[in-house]
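Since the structure comes first, as structure tokens, the remarks are kept for the end.
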Amino acid sequence: MTTFHLDLGDDRTEALDSVTKLTLINTAVDLDTYLAGDYKSPVPLWGDVILTRGDDRHQATTQWVEDVENTSTHQDVVLIAGDPADPKSRRIRLVDAWASASYHLDEDEDPDAFAISFADIAVEK
């Protein structure tokens, strides 16, 4: 099983428990298949994905997710499949991404899972 990290840039990276339910233009797509492919599209592949957080949470991620109503939170983010320090780890850029929903599974303040919506997606080379 692949370990994923969310990279918000500026050394703000958080390990994730899981990355599930990737959809591109309202179609479910297997993330591992997408990672293994060399997809190119003449149009933006907008969609969303669900991220479940681990125990070690970065405050910047919590703040970004909690600002779901703030349109200034739109930014490019990167999902890293593997070790963020390894240049061979595959990276998926989510263009103009925002946290579109958050899920609280326990009593604490920070979200345990969240959906990221994005305007386009690309595997970085």
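When each of I80, L94, T61 is paired with L6, the side chain to side chain contact (heavy atoms under 4.5 Å, CB included) condition holds for T61 and for no other.
Note that CD1 of I92 and CG of L31 are 4.5 Å apart. Values are rounded to the nearest 0.5 Å. In this structure, the separation between CD1 on I25 and CH2 on W46 is 6.5 Å, given to the nearest 0.5 Å. Rounding to the nearest 0.5 Å gives a distance of 10.5 Å between NZ of K21 and CG of D48. With values rounded to the nearest 0.5 angstrom, L16 atom CG is found 12.0 Å from I50 atom CD1. Distance CD/E124 to CZ/R91: 7.5 Å, rounded to 0.5 Å. Atom CD of E14 and atom CG of L8 lie 8.0 Å apart (nearest 0.5 Å).
Across all non-hydrogen atoms, the minimal contact from W98 to A119 is CZ3-N, 4.5 Å. Nearest heavy-atom pair, H5 versus G82, reported as atom, atom and distance to 0.1 Å: ND1-O, 3.0 Å. Closest of all the heavy-atom pairs between S102 and V65 is CB-CG1, 3.7 Å. Here the closest heavy-atom approach between residue V49 and residue T20 is recorded as CG2-O, 3.3 Å. Across Y34 and L22, no two heavy atoms sit closer than the pair CB-CD2, 4.4 Å. Heavy atoms only, all atoms of each residue included: A81 and L35 are closest at CB-CD1, 3.8 Å.
Put simply, F114 and V95 are part of two different groups of oily side chains (I, L, V, M, F, W, Y) that touch within less than 4.5 Å, one to the next. Cluster annotation: L45 is not connected to V78 through the hydrophobic network of ILVMFWY side chains, with a link wherever side-chain heavy atoms come within less than 4.5 Å.
The backbone N or O of P84 lies less than 3.5 Å from no partner atom in the side chain of S89, so there is not a single donor-acceptor pair.
Among residues two or more places apart in sequence or in another chain, the side chain to side chain donor-acceptor pair (under 3.5 Å) test is passed with D96 by H74. Residues meeting the side chain to side chain donor-acceptor pair (under 3.5 Å) test with S41, sequence neighbours left out: none.
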> Can you check side-chain contact (heavy atoms from CB on, under 4.5 Å) on F118 and L24, steps first, answer last?
Replying inline: CA-CA 9 Å; F118 49 87; L24 301 176; 3.8 Å; yes
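Residue D56 qualifies as open at atom CG: its count of foreign heavy atoms under 6.0 Å is 12 or below.
The list of salt bridge (charged side-chain N to carboxylate O under 4.0 Å, His left out) pairs with a residue in residues 2-12, not counting sequence neighbours, is empty.
The pair D112-R57 meets the salt-bridge criterion, with a side-chain N (NZ, NE, NH1 or NH2) lying under 4.0 Å from an Asp/Glu carboxylate O.
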